[in-house]
Structure formats: C-alpha cells, structure tokens
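For reference, the structure discussed in these notes is given below.
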Amino acid sequence: MSSVGSPPVLRRPASRVRRATVGALVTALAGGLLALAPATTAQAAPTLLSQGKNATASSTEGAAFSASAAVDGNLGTRWASAWQDAQWIQVDLGSSATLSHAVLTWEAAYGRSYDIQASENGTDWRTVTSISAGDGGTDDVTLSGTGRYIRMNGLTRATGYGFSLWEFQVYGTTGGTGPTLPGGGDLGPNVHVFDPSTPGIQAKLDQVFQQQESAQFGSGRHAFLFKPGTYNGLNAQIGFYTQIAGLGLRPGDTTINGDVTVDAGWFNGNATQNFWRGAEGLTLNPVNGTDRWAVSQASSFRRMHVKGGLNLAPNGYGWASGGYIADSKIDGQIGNYSQQQWYTRESSIGGWSNSVWNQTFSGVEGAPATSFPEPRYTTLDTTPVSREKPYLYLDGNEYKVFAPAKRVNARGTSWANGAPQGESIPLSQFYVVKPGATAATINQALAQGLHLLFTPGVYHVDQTINVNRANTIVLGLGLATIIPDNGVTAMKVADVDGVRLAGFLIDAGPVNSPTLLELGPQNSAADHAANPTTVQDVYVRIGGAGAGKATTSVVVNSDDAIIDHTWVWRADHGEGVGWETNRADYGVRVNGDDVLATGLFVEHFNKYDVEWYGERGRTIFYQNEKAYDAPNQAAIQNGTTKGYAAYRVDDSVNTHEAWGLGSYCNYNVDPTIVQDHGFKAPVKPGVRFHSLLVVSLGGMGHYNHVINDTGASTIPAGTSTVPSTVVSFP
C-alpha cells in the first residue's frame with residue numbers, strides 16, 4: 001500500500017487522544033517538531049530523547065517507510081511494517097536514560113496489542129509497558145526504569161495492513177540529576193587567534209612552522225585564526241597539521257597583504273608528501289603577485305580569494321601529487337606545472353596552465369574545456385549537488401559556526417553575490433572538545449544535544465563516538481586527530497538528516513577495527529535528498545605514525561550522502577608499515593543510493609580501494625595508487641583476476657557515473673606484478689565512465705587494461721610513465 005489515511009492532525013480530533021490531556025499532547029507534539037535545545041543546566045524535567053536518533057525495524061513496507069521516519073519529528077512521514085503480526089521498531093537513544101513516557105502517534109494501521117520494551121545492549125529486552133486493547137490515535141504511555149534501546153514490539157494488528165507510526169517519541173532524562181556539560185568556552189592553547197594589533201604575529205607563525213615543517217607523523221596540531229581586518233607584510237608558511245583561516249563570514253572580511261605559503265624545502269624540493277594542512281576564508285595580496293601552494297593529498301584550499309596568481313608547484317618545479325580547491329576566487333592564472341592531478345570545484349579562476357595526468361573541474365568559471373586525453377582536462381559545467389564546509393567565524397565578539405546551505409547545479413563561489421546562504425549557530429551550542437576528553441564525555445555532549453568542535457590535538461577513544469541526532473555538526477580545527485583504541489569504530493552516524501563532519505583525521509589504532517567511519521547502519525533506507533549528510537576534509541590513515549589496522553576504513557550506508565574531499569590512505573611510508581603490519585583490505589565501501597563523491601583520494605589498500613554497491617552513485621575526480629608493498633603476484637590474486645581494481649562498481653548496480661579517474665601502480669617490492677585493470681564495472685547502459693587513465697610509475701608493475709578489458713596495456717610504455725587512457729566507457 002502507498003498510503004493509509006492522513007496525518008493525524010487532519011484525521012483525528014483532539015477528543016480521540018487517550019492517556020494524556022490535550023495540553024500534554026500539544027507539549028509532546030511541539031517537542032517533536034522543534035529541534036532539541038542543548039541542555040546547559042541540571043536536567044530537572046523529562047526531555048525528548050529519541051528524535052533524530054538511530055532507529056531500526058523488523059521490516060518496512062518500502063523504502064519510503066523506513067524506521068527513521070518515525071523519529072524525525074515530521075508528522076507527514078511514517079514507519080510502516082510488513083503486513084503481518086509480530087513486528088517491531090526500536091530506537092537507540094545513544095546512552096542509557098531514565099525513562100519517563102513514550103508518545104506513539106499511530107497512522108490508521110495501528111497496533112491492537114503491543115509492548116514497550118527497554119534494553120541496555122539491544123539484545124536483552126525487558127517489558128516496561130503492555131497495551132492489550134489499543135484503539136489507535138495517539139498513545140501517551142508511562143514508562144519506568146532505564147534503558148538505552150527502546151522498542152515498540154507490536155503483537156497484533158488492528159487492520160489488514162501492518163503497524164504504522166507517524167512518530168515514536170521517547171521521553172526521559174540522561175546523566176542523572178547533576179549539572180550537564182557546558183557549551184562554548186575557550187578554544188585551547190593550540191588555537192592562535194590574532195587581530196591586526198596583535199604583536200609578534202610573524203614570529204608565532206615562524207615558530208610553529210619550524211616545529212611542523214617536517215613533522216609528518218608528529219603529534220603537534222595548530223590552527224591560526226585571523227579576526228576580520230587587514231594584516232600587512234606576513235608570510236604564513238604552513239606545515240603539517242596546520243590550518244590557517246579568516247574569522248570573517250566572507251573571505252573579503254580578512255585580508256593578508258602577503259602570502260600563505262607551502263613549499264618543499266624540507267623534502268629536497270619534492271612536494272609529494274606535503275599532506276594534512278589547509279587554508280580557508282582569507283583574501284591574499286601576494287607580495288610578488290603569485291602565491292605558492294605546493295601541496296599533495298589531504299590539503300584543502302577553501303573560500304580563498306587570491307588577488308593574483310596561484311602556483312601549485314614547489315620551488316624548482318619538483319613533483320607534487322594533487323590537491324583540492326573549492327569555493328575560491330583566483331584572479332590570475334593557476335600554474336599547475338608539475339601537479340600530477342588536481343580537483344577544483346565551484347570557483348572562479350583567471351586561467352589554468354598545464355595538465356599532467358588528471359586535472360578535473362566542476363562548476364568552475366574560467367576552467368579549460370574538456371579535452372581529455374590531451375590536454376588531460378575534464379570539465380563539468382556545474383556540480384550536481386554541494387554544500388560547503390561549516391566554519392568558525394566571529395559575529396561581533398561572539399564565536400559562531402556557519403553552516404552553508406545546499407546548492408544544486410552550482411557554478412562559481414557561494415559568496416560572489418553577498419553573504420553566503422546558510423545558518424549561524426552560536427558556539428554555546430557546541431561542546432568544545434579539548435585534549436584529554438574521553439569518548440564517554442564526547443557521547444554525553446552529543447546526547448545532550450550539543451554539536452562538537454574538536455580543538456587541535458590527538459584524541460584516543462575507547463568507545464565509538466555516536467552521532468545520532470539530525471543536523472549535528474562535528475567540526476575539527478587544526479587537523480584534530482581521533483585514534484580508536486581496542487579495535488572500536490572511531491565514529492558512527494545514524495541514518496538521519498543533515499549531519500556534517502568536517503576537518504579532522506581518523507588514525508587507525510594497533511588493534512584491528514572492523515571499520516573506522518560509518519555513515520548509517522546496515523540497510524539504511526531513509527531519503528536524505530533534501531538535507532544530506534556531508535563529509536568534508538575528513539581524512540583516514542592506517543599506519544605511518546605507527547602500526548594501525550582496519551578491515552574497511554569508510555562505509556557509507558546512508559542514501560544521498562556527499563563525500564567532499566577525503567584522503568583515505570593506507571600508509572606506504574613512515575612507522576608501522578608492511579603488507580601485514582598495517583593491513584587494511586578495503587578503503588571505501590558505498591552501499592547507499594544517490595551518493596556523490598567530489599574529490600575522492602583513496603590509496604594503497606590490500607584489496608579493493610573503492611567498492612560501490614548503491615544505485616545512482618556519482619564520482620567527480622578520483623585519485624588512486626595501488627599498494628606499493630605487495631610482495632608478489634600471488635598476494636594480489638583475485639580469483640582468476642590479476643589484482644583488485646582500484647574502483648569497482650558491483651555487477652548488481654544499474655546506474656552509476658564517474659568523471660576524471662586515475663589509478664597508478666608502483667609495485668616496488670616486485671616490479672613484475674601485473675594488474676588486469678585499474679577499474680571494474682558492469683557493462684550496462686546506465687553505467688558510464690568519462691576520462692579514465694592508468695599509469696605505471698617507472699615501469700614498477702603494469703596494467704593490462706584500463707577498465708574491464710578496455711584500454712591499452714601500459715607495458716609498451718615501459719618505464720616512461722605515459723598513461724593509458726579511455727575517453728568514455730562503455
């Protein structure tokens with residue numbers, strides 16, 4: 001059935017409400033329709049705990065009737081089960097709570113008899129309330145005791161349809177009766193805030209750069225934040241784990257008459273290891289007319305206005321290995337020079353020079369036209385869907401986080417025509433996480449309804465960080481780093497609307513984690529097209545700083561998610577590196593439908609780097625290197641196939657599209673290794689690829705084909721590092 005009845009506000013008069021006064025019902029419904037305000041005082045009264053939390057069910061009538069629809073605060077969406085008895089829906093409150101009551105707003109297909117059950121672990125259930133003669137409408141039932149998981153266990157149906165709830169609302173209190181965690185506060189010692197009158201700015205920039213220039217696997221983390229105003233004569237050299245940003249709402253609010261520089265003197269002029277850094281929200285007037293930003297993976301350039309040119313190569317034009325620009329304006333030309341690959345999104349540029357292997361653009365004013373395979377430019381006129389990264393700014397003297405609005409078919413910057421569109425959230429609604437904070441405390445803050453702002457530092461977590469509330473922001477400053485201990489998953493996001501993860505690094509621990517980041521539980525089915533979850537400048541590392549292991553790094557189960565610039569990296573150098581020492585079989589697995597990746601960098605996994613099972617997936621720009629350290633051909637044998645594809649679309653998928661993809665091999669342990677192909681996909685009309693290439697780096701291993709059995713072998717190119725290309729597939 002597609003629909004039974006109408007929302008109860010239209011179908012049932014107030015006189016049908018049972019077990020509650022009309023006033024209590026109004027209060028309950030209002031609580032369901034409004035966002036839960038973060039608590040900053042003692043919890044004296046029950047609050048709505050279930051809204052936006054992770055919900056699952058025994059069955060659904062269809063994708064439009066998922067369990068999450070009963071905890072979204074929307075009386076126009078509902079969960080509906082299969083048309084048989086003994087069905088359930090349960091919600092994970094995120095932490096144990098003292099229960100008060102539950103409000104069940106039934107659709108016409110209601111439960112005649114049902115139990116409300118509670119559990120601490122989601123397995124061992126106890127019944128706290130039983131209803132044996134339900135007659136539909138809205139039930140407000142009293143609960144007692146405690147529990148983290150609450151379940152409506154439907155026993156018998158009242159109609160020939162299933163069980164169907166517009167809303168399942170659970171009320172109670174968390175954290176006992178003591179004071180709750182406060183929002184806001186200072187930003188800690190590693191956030192350096194300047195205004196134009198601050199003395200010694202250049203000296204502080206230089207001091208931190210000396211510490212961070214070559215500290216590729218060090219523990220230092222820093223953020224330089226510049227209040228609105230004009231700063232003269234600065235050269236901010238940006239090293240590892242360093243972020244520089246303006247604190248204005250728009251880039252024009254903060255101007256540096258000087259440079260923000262990344263070079264590669266520490267590595268003899270080779271910029272291929274200039275990782276983990278970022279610049280945001282500044283206007284630059286470069287001293288010599290051109291700013292130098294010679295970076296590689298995990299280095300973002302966002303909301304920047306360069307009143308001049310931008311040079312992406314190191315001094316001396318040594319190699320650089322790729323990067324990312326978004327929502328920026330470069331008045332002059334961008335000199336790509338030796339950059340092997342690069343992705344630019346929704347920006348305005350004065351021109352672009354040179355292509356090496358894979359230069360991709362979407363929604364960029366001034367971008368070169370598609371000319372792949374030579375020059376190797378791939379250009380989309382617009383980006384299908386986007387939402388810029390949230391950022392900290394000053395509104396007068398008050399810190400706020402700006403959460404930009406979603407854009408569809410966007411071109412050019414979000415700030416070109418005035419203030420960007422979006423929502424401002426006071427810092428008082430964020431738990432400011434500082435080094436030493438525990439996972440339990442972080443989860444308590446989330447359960448209270450607070451967002452998270454991680455200050456620069458390294459955070460060990462002994463339990464999963466559970467982001468269960470819709471529209472939660474988790475924002476890191478200065479490449480804040482989360483390390484899961486004892487094999488836990490570092491972070492899980494419920495199948496809810498609008499979560500934003502941005503600006504942090506997840507570093508695998510020495511005990512194998514099954515996953516490091518999960519978006520939505522298995523079989524997530526809620527529609528988030530209007531308000532997707534976004535993952536931006538969130539990086540994953542396995543090994544390098546020490547032995548680390550994870551079976552699958554990132555799993556995307558939720559529909560409509562946007563992955564906007566990530567580097568998921570099994571380390572090929574550093575400490576704790578070896579074929580089994582930092583074992584990590586899979587990089588990114590996408591199960592959700594309608595997922596979009598813009599700027600996807602995934603490298604060196606023991607098996608598949610990217611696997612895609614969801615329908616209607618799209619990727620704009622993909623960069624990959626296969627695992628350098630495979631000991632021999634047998635180690636990467638995949639049944640009868642030689643090697644695991646860098647990017648595989650499952651045979652079950654009917655619709656998928658991708659633009660600008662490159663895979664490179666450098667089998668430096670056994671150069672005789674051969675990959676059958678870099679990419680694997682079903683041959684179907686709806687599965688389409690544009691601008692693909694594979695490269696053998698100096699003849700260290702080879703590819704027989706580019707995608708499936710299509711595309712020339714790299715073997716004839718020998719050691720020349722000349723790509724084999726496919727313009728379109730099939």
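The aromatic rings of His690 and Trp659 sit parallel, their planes meeting at an angle under 30°, below the 60° perpendicular limit.
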>> Between Phe275 and Trp567, does the ring-ring contact (aromatic ring centres under 6.0 Å, His included) criterion hold? Intermediate values first, please.
In response: CA-CA 10 Å; Phe275 312 139; Trp567 186 37; 4.5 Å; yes
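His656 places a side-chain heavy atom less than 4.5 Å from the side chain of Trp612. Gln297 is not listed as a side-chain neighbour of Glu625, based on a closest heavy-atom distance of 4.5 Å or more. Taking 4.5 Å as the limit, some side-chain heavy atom of Arg387 sits within range of a side-chain heavy atom of Asn531. Two residues are said to be in side-chain contact when any heavy atoms from C-beta on lie closer than 4.5 Å; Phe361 and Tyr377 meet this criterion. Between Tyr703 and Lys642 the shortest side-chain heavy-atom distance does not fall below 4.5 Å. For the pair Asn582 and Arg570, the minimum side-chain heavy-atom distance is below 4.5 Å. A 4.5 Å side-chain heavy-atom check between Val588 and Ser553 finds every atom pair outside the cut-off.
One side chain, Gln216 or Gln273, offers a donor N or O that lies under 3.5 Å from an acceptor on the other. With hydrogens and angles left out, the side-chain atoms of Ser362 and Thr383 include a donor and acceptor closer than 3.5 Å.
Atoms OG and CD, on Ser355 and Glu374 in that order, are 5.0 Å from each other to the nearest 0.5 Å. Rounding to the nearest 0.5 Å places OG1 of Thr552 at 9.0 Å from CD of Glu518. Taking CG from Leu501 and CE from Met491, the interatomic distance works out to 6.0 Å, rounded to the nearest 0.5 Å. Here Thr714 contributes atom OG1 and His702 contributes atom NE2; the two are 5.0 Å apart, rounded to the nearest 0.5 Å. Of the inter-residue distances, the one linking Gln623 atom CD with Trp357 atom CH2 reads 9.0 Å to the nearest 0.5 angstrom. To the nearest 0.5 Å, atom OG1 of residue Thr379 and atom CH2 of residue Trp352 are 10.0 Å apart.
A search for salt bridge (Lys or Arg N to Asp or Glu O under 4.0 Å) contacts involving Lys549 returns nothing, not counting sequence neighbours. By the side chain to side chain contact (heavy atoms under 4.5 Å, CB included) test, Ser558 is found to be paired with Asp495, Ser524, His528, residues two or more places apart in sequence or in another chain being considered. Residues meeting the salt bridge (Lys or Arg N to Asp or Glu O under 4.0 Å) test with Asp559, sequence neighbours left out: none. Asp527 is linked by a side chain to side chain contact (heavy atoms under 4.5 Å, CB included) to Ala529, Asp560, counting only residues two or more places apart in sequence or in another chain. When the side chain to side chain contact (heavy atoms under 4.5 Å, CB included) test is applied to Asn708, the partners found at least two apart in sequence or on another chain are Lys680, Val683, Phe729. Among residues two or more places apart in sequence or in another chain, the side chain to side chain donor-acceptor pair (under 3.5 Å) test is passed with Thr272 by Asn270. By the side chain to side chain donor-acceptor pair (under 3.5 Å) test, Tyr324 pairs with Arg302, Arg345, Asp564, sequence neighbours left out. Not counting sequence neighbours, Glu423 has no partner by the salt bridge (Lys or Arg N to Asp or Glu O under 4.0 Å) test. In this view, His705 satisfies the ring-ring contact (aromatic ring centres under 6.0 Å, His included) rule with no residue, not counting sequence neighbours. Scored by the salt bridge (Lys or Arg N to Asp or Glu O under 4.0 Å) test, Arg583 finds Glu580, Asp585 as partners (sequence neighbours excluded). Considering only residues two or more places apart in sequence or on other chains, Asp507 meets the side chain to side chain donor-acceptor pair (under 3.5 Å) condition with Arg541. For the side chain to side chain donor-acceptor pair (under 3.5 Å) test, residues two or more places apart in sequence or in another chain that qualify with Thr489 are Thr515.
Test Asp609, Asp572, Asn624 against His604 for side-chain contact (heavy atoms from CB on, under 4.5 Å) and you get one pass: Asp572. When each of Gln633, Gln675, Lys626 is paired with Tyr667, the side chain to side chain donor-acceptor pair (under 3.5 Å) condition holds for Gln675 and for no other.
Side-chain rings of Tyr586 and Phe605 stay apart, their centers remaining 6.0 Å or farther from each other. Between Phe301 and Trp293, the ring center distance clears the sub-6.0 Å criterion. In this structure, Tyr628 has its ring center at least 6.0 angstrom away from the ring center of His573. A centroid separation of 6.0 Å or more is found between the aromatic rings of Trp569 and Tyr539.
A salt bridge does not link Glu657 with Arg618: every distance from a Lys NZ or Arg NE/NH1/NH2 to an Asp or Glu carboxylate oxygen is 4.0 Å or more. A salt bridge links Lys389 with Glu280; the closest basic N to acidic carboxylate O contact falls under 4.0 Å.
For the residue pair Asn606 and Tyr644, the shortest heavy atom distance occurs at O-CD1, 4.2 Å. A pairwise comparison of heavy atoms in Gln339 and Gly323 identifies OE1-N, 4.4 Å as the closest pair.
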